[in-house]
Amino acid sequence: MAVSDHVDLATFMEGVKKRNPGQTEFIQAVHEVAQDIFEFMSDKVEYHEAQILRRIAEPDRVVSFRVCWEDDNHNIRVQRGWRVQNNNAIGPYKGGIRFHPSVTESVLKFLAFEQTFKNSLTGLPMGGGKGGANFNPRGKSDGEVMRFCQSFMSELYRHIGPNTDVPAGDIGVGGREIGYMFGQYKRLTNRWEGVLTGKGQEYGGSQMRPEATGYGAVYFLQNMLKHQGNDVEGHSAVISGSGNVATHAAEKITQLGGKVLTLSDSGGFIHDPDGIDQEKIDWVKHLKTVERGRISEYVDEFKGATYHEGKRPWDVACDLALPCATQNELNEDEAKSLVSNGCKGVSEGANMPTTLEGVKVFHDAKILYGPGKAANAGGVAVSGLEMSQNSERISWNQERLGDMLTDLMEGIHEKCTEYGEQDGGYVDYVKGANIAGFKKVADAMLAFGVV
Ligand code: NDP
């Protein structure tokens, strides 16, 4: 059969919408990828015949479960937990766990789908998965968080394993939560094994893992700028979020001679025209991970800064922008505002922070745009290296891991340019990342036959 006898993009997307009613984030993510893959497959009948994209867009399995826990006032609370195992063609499922009230099956399916391409791009043997719960850690005591994590792992442990599925952290899941979940897994199975990444240094964690996503997003930006003969030094940057990814992205921008102007949380953003230097970044890290405070407190500590309640930072004039908070946090109007204020490059620390319409604005303006699945892959890449170290029962030093991260991000950038370079030299990094990520997974699936 010729390629033209198979379904086209519109029919394919109709099917995705029908099979996943109301799952807007998942449909959005599949649409973004499918546009590029249909073009790539236009002369490749083997992918059509084997229904490869349709199979990648249907998770291997979605596990949904009840999570009961008791709060400090002895109320019984009931949450819903999930693990989405999207695709394990090239390695064990791998992807973070998110605790946030906005978590739904659609959000986790979109994240697991994206993760499949991202993990492929790293060149490491990792499939795609994602998990989480609609639990809000904000305002909870350490004891409450511990009881929730233990209850969550009491179900999750039967679906994961070092050769099956290796979760990590994500929004609302940092070192504290990983520690509680790893402790419970060990208690339930009586096995010490590398079943989670993002662990503490004392119990099998990797150097550079906490820094990897934020640093990696800046390395990716640096590679994009270098490709045009430019650099981070001397440029201003607007960053959203104030968690793990945002603070480490801010740190690396500062180290490379850039000036960070903003950080945010779900309450609003702070603008510091003097620049958010290392001392201020350290203060924010302490505020967010130890005090568990709000970014609004920044302006009481550092004079000259302003707080903008309920707002996002994309109207602040800048050379570079790094969305590092959450999905769909940068829309079409905000993208236009960045472009008209002279922004030259966007690197996504978060997953799918820019809406499809926003991405179109960046592409039409031909500014540098690094999508999350390429730009934030440094985190999962170092997670992959944590798995290798756990298997070898060895720890590599910071310098070695730092060099590996730099090389990995350079390699991802290279793969994106291989498939994304257009006439005239402009690189469509979305297309490059989608095709390079897809090809490896697709070819592995072809080798397995119909399974
Ligand atoms: P954290 O929980 O450490 O920080 C999340 C930050 O985003 C917080 O400042 C949070 O503010 C803010 N935020 C969350 N939800 C919203 C919202 N709806 N609107 C505005 N701000 C919001 O998470 P991470 O830094 O780990 O993750 C940030 C992003 O990076 C996510 O998209 C994640 O998927 C992605 N990512 C993370 C990786 C990692 O290694 N950690 C790897 C690859 C991608 P508040 O405190 O108010 O909730």
Side-chain angles (χ1 to χ4, degrees), residues 25 29 94-104 107-108 110-112 114-115 118-119 121-122 126 128 130-132 135-140 167-178 196-198 205-206 208-217 220 239-251 262-270 284-285 287-289 291-298 308-314 322-331 347-354 370-384 386 405:
E25 296 86 358
K94 178 98 199 81
I97 293 178
R98 177 176 292 190
F99 291 161
H100 195 270
S102 64
V103 166
T104 61
V107 167
L108 296 178
F110 117 64
L111 288 164
E114 286 281 294
Q115 194 83 43
K118 182 191 307 190
N119 292 2
L121 268 180
T122 66
M126 300 180 289
K130 200 83 187 190
F135 168 73
N136 188 358
R138 196 191 303 163
K140 305 288 189 301
D170 191 72
I171 292 178
V173 178
R176 173 181 63 168
E177 292 76 16
I178 292 286
L196 296 174
T197 58
S206 176
M208 288 305 292
R209 178 60 189 91
E211 296 87 351
T213 309
Y215 281 19
F220 194 83
I239 298 182
S240 65
S242 49
N244 174 275
V245 180
T247 51
H248 289 108
E251 193 164 285
T262 67
L263 287 171
S264 73
D265 60 22
S266 46
F269 78 92
I270 57 105
V284 173
K285 282 187 187 172
L287 172 80
K288 284 290 179 175
T289 57
E291 310 276 332
R292 308 223 171 249
R294 310 300 300 153
I295 200 66
S296 55
E297 294 167 49
Y298 184 99
H308 306 263
E309 193 170 350
K311 297 234 160 64
R312 303 194 286 217
W314 313 122
L322 292 108
C324 295
T326 192
Q327 65 271 5
N328 293 330
E329 55 159 324
L330 202 170
N331 64 24
S347 184
E348 295 182 339
N351 286 308
M352 206 171 75
T354 312
K373 67 171 77 70
N376 71 34
V380 74
V382 175
S383 272
E386 184 172 331
L405 174 63

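Indexing begins at 1, ligand by ligand and atom by atom, following the structure's order. The shown structure was predicted, so the numbers you read here are calculated from the model rather than taken from an experiment.
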May I ask you to test the [X]-[Y] pair for a side-chain heavy-atom distance under 4.5 Å?
X      : Y      : answer
Ser266 : Arg294 : yes
Glu251 : Lys285 : yes
Leu405 : Glu211 : no
Arg176 : Arg292 : yes
Lys130 : Asn351 : yes

State the atoms of ligand 1, each with its element, that fall below the 4.0 Å cut-off from a heavy-atom position in [X].
X      : result
Ser242 : 9 (O)
Gly349 : 30 (O), 35 (C), 36 (N), 44 (C)
Ser264 : 9 (O)
Lys288 : 46 (O)
Cys324 : 28 (C), 29 (C)

Find the distance between [atom1] ([X]) and [atom2] ([Y]) and round it off to the nearest 0.5 Å.
X      : Y      : atom1 : atom2 : answer
Ile239 : Thr262 : CD1   : OG1   : 7.0 Å
Ile178 : Thr197 : CD1   : OG1   : 6.5 Å
Met352 : Phe110 : CE    : CZ    : 4.0 Å

Does [X] come within less than 4.0 angstrom of ligand 1, counting non-hydrogen atoms of the residue?
X      : value
Arg138 : yes
Arg98  : yes
Arg294 : yes

Could you find the nearest protein heavy atom to [atom] and give me its residue, atom name and distance?
atom                    : result
atom 18 (N) of ligand 1 : Thr326 CG2, 3.7 Å
atom 27 (O) of ligand 1 : Ile171 CG1, 3.7 Å
atom 3 (O) of ligand 1  : Asn244 N, 3.0 Å
atom 32 (O) of ligand 1 : Asn351 N, 3.2 Å
atom 37 (C) of ligand 1 : Val245 CG2, 3.5 Å
atom 2 (O) of ligand 1  : Gly172 N, 2.9 Å
atom 29 (C) of ligand 1 : Ala325 O, 3.2 Å
atom 34 (O) of ligand 1 : Asp170 OD1, 2.6 Å

Quiz prompt | Pair Arg98-Thr326, side-chain contact (heavy atoms from CB on, under 4.5 Å): steps then yes or no | solution = CA-CA 11 Å; Arg98 177 176 292 190; Thr326 192; 4.1 Å; yes
Can you tell me which portion of [X] lies within the under-4.0 Å heavy-atom range of ligand 1? Options are side chain, backbone, both, or neither.
X      : answer
Thr213 : side chain
Ala212 : neither
Glu329 : neither
Arg209 : side chain
Pro353 : neither
His100 : side chain

Quiz item: Relative to each other, are the rings of His248 and Tyr215 parallel, tilted or perpendicular (30° and 60° limits)?
Solution: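 Aromatic pair His248/Tyr215 classed perpendicular.
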Quiz prompt | Heavy-atom proximity to atom 22 (C) of ligand 1, best of Ala381, Ser266, Ala350 | solution =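 Closest candidate by heavy-atom distance is Ser266.
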Self-check item: Of the listed options Gly174, Ser383, Gly243, closest to atom 6 (C) of ligand 1 (non-hydrogen atoms)
Solution: Gly243
Practice problem: Take Asn376 and Lys118, measure what side-chain contact (heavy atoms from CB on, under 4.5 Å) needs, and give me the verdict at the end. | Solution: CA-CA 8 Å; Asn376 71 34; Lys118 182 191 307 190; 2.6 Å; yes
Quiz item: Have Thr354 and Glu348 got a donor and an acceptor in their side chains that come within less than 3.5 Å?
Solution: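 Yes.
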Quiz item: Counting only heavy atoms not in Glu309, do more than 12 sit closer than 6.0 Å to its CD atom?
Solution: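 Counting neighbours around CD of Glu309, 12 or fewer heavy atoms of other residues, nucleotides or ligands fall under 6.0 Å, so no.
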Quiz item: side-chain contact (heavy atoms from CB on, under 4.5 Å) between Asp265 and Arg138: does it pass, once the steps are laid out?
Solution: CA-CA 12 Å; Asp265 60 22; Arg138 196 191 303 163; over 6 Å; no
